[in-house]
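Every number for a ligand or one of its atoms is a count from 1 in the order of the listing. These values consider heavy atoms only, across backbone and side chains, with no hydrogens, waters or symmetry-generated copies.
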Amino acid sequence: MERAGLRRSLRRVEHRRGAEAVVDGRAAVDFSSNDYLGLASDPRIAEAAARALRDAGTGAAAARLISGNHPLHDELERELARFKRAPAALLFASGYAANTGAIPALVGRGDAVYSDALNHASLIDGCRLSRAALRVFPHGDVGALEAMLRADAGLFRRRLIVADSVFSMDGALFPLDALAEVARRHGAWTYVDDAHGTGVLGDGGRGAVERWGVEGRIDVVMGTLGKALGTAGAFVAGSATLCEWLMNRARPFVFTTASPPALAAASLAALGIAREEPWRRERLRTNARRLRAGLDALGRPAPGEADGHIVPVLTGGAEATVRAGRLLLERGFLVGAVRPPTVPPGTSRLRLTLSAAHTPEQVDGLLAALAEVLPSPSTPSPR
Ligand code: PMP
């Protein structure tokens, strides 16, 4: 791993305040987090958690189905369902737990899952755990997906299409309107991982289903609380039957200790802020447009929407990517240096993410540092 530039280690990030943090002892502006709305260090959310900690204690003490269910869990599920305009929602300890739990609870032997080639690792693991036949379709290619569904007609009992709404490593959006239509034509269920859309996409921040106008037309919507909402955990939103089924059958729900009620209190506060402060989404999009326009000017246009909040800068080999990341940190900017296995070999990249907490000056500062650090686009990057 070391020789291939793939050995990883942890760095220490402390004193986070908005987009600023101290990284291994050095002050840096963070362009690598998923704290898209700048809520992770919001004192109002911390205060809500602190109040609940004093009242409910640190631990839920048992699984939800045993004796760990607290009214704050129920309240958060009701609010999440309302937010997603779905009949019901069910909490999971993390997005990883939700995807690896919900997919195997919905399909199994004799069924098929259709999975986008760039789906998140947790979706891939959920598909594998399910033991359903696995069909991988080319990234974002609804036409290819439909051809597979047609070719498989009559072969399987149930069919589930699984996709990220916003691909975490390249920021691309999956066209959910086309997805809902294709699924309807072929009698397949749809499962969308809205980890990077929840709180961000749509005027109300209700996520990809709002952005694409398909509320109520995606069977299973998974969202996370640890990204735009600034807390931790995840949920599945959908029909009441779906949520009750998952409550009984999704093993990471059934066999795990309930998350601390204080975390639910924090998430409730975060949800309220995400709904009531739409300026955060505006500022996030303005920052994204500024960074993307600056990259265009550097001759390194980033793929994706003009206001997409995840901005990939392809750097080629893993070592070049890690080096660029290190040089940026020396200049006071923390960015994601993403390499295999997170992305396919040869597509290592800097993953720049924006936040409502960034100032225009910080975005300009990052652009100036990128101009120094990136090899010029005309010189082929060493592999
Ligand atoms: N899905 C996607 C698309 C993600 O990016 C992530 C987090 N990296 C997850 C699921 C997992 O969510 P969590 O961090 O809550 O486990």
Subject >> Exercise: identify the closest heavy-atom pair between L39 and I45 >> reply: O-CD1, 3.6 Å

Contacts under 3.5 angstrom, residues 121-128 side chains, donor-acceptor by atom type, not counting sequence neighbours:
| residue | atom | partner | partner atom | Å |
| --- | --- | --- | --- | --- |
| S122 | OG | N99 | ND2 | 3.0 |
| S122 | OG | H120 | ND1 | 2.7 |
| D125 | OD2 | Y96 | OH | 2.6 |

**OP:** Mind jotting down which residue pairs meet the salt bridge (Lys or Arg N to Asp or Glu O under 4.0 Å) criterion with at least one end in residues 343-365? Sequence neighbours excluded, please.
**Re:** R290-D364

**OP:** Apply side chain to side chain contact (heavy atoms under 4.5 Å, CB included) to R3 and list each qualifying residue two or more places apart in sequence or on a separate chain.
**Re:** none

Original post:
Within a reach of under 6.0 Å around CZ of R44, are more than 12 heavy atoms found that belong to other residues, nucleotides or ligands?
Top reply: yes

Using a 3.5 Å cut-off on N/O to N/O, what pairs does ligand 1 make with the protein? A line per pair would be great.
| residue | atom | partner | partner atom | Å |
| --- | --- | --- | --- | --- |
| ligand 1 | 1 (N) | D193 | OD1 | 3.4 |
| ligand 1 | 1 (N) | D193 | OD2 | 2.5 |
| ligand 1 | 5 (O) | H196 | NE2 | 2.6 |
| ligand 1 | 8 (N) | H120 | NE2 | 3.4 |
| ligand 1 | 8 (N) | K227 | NZ | 3.1 |
| ligand 1 | 15 (O) | G95 | N | 2.7 |
| ligand 1 | 16 (O) | G95 | N | 3.1 |
| ligand 1 | 16 (O) | Y96 | N | 2.9 |

Original post:
Side chains of K227 and S33: do they bring a donor and an acceptor to under 3.5 Å?
Top reply: no

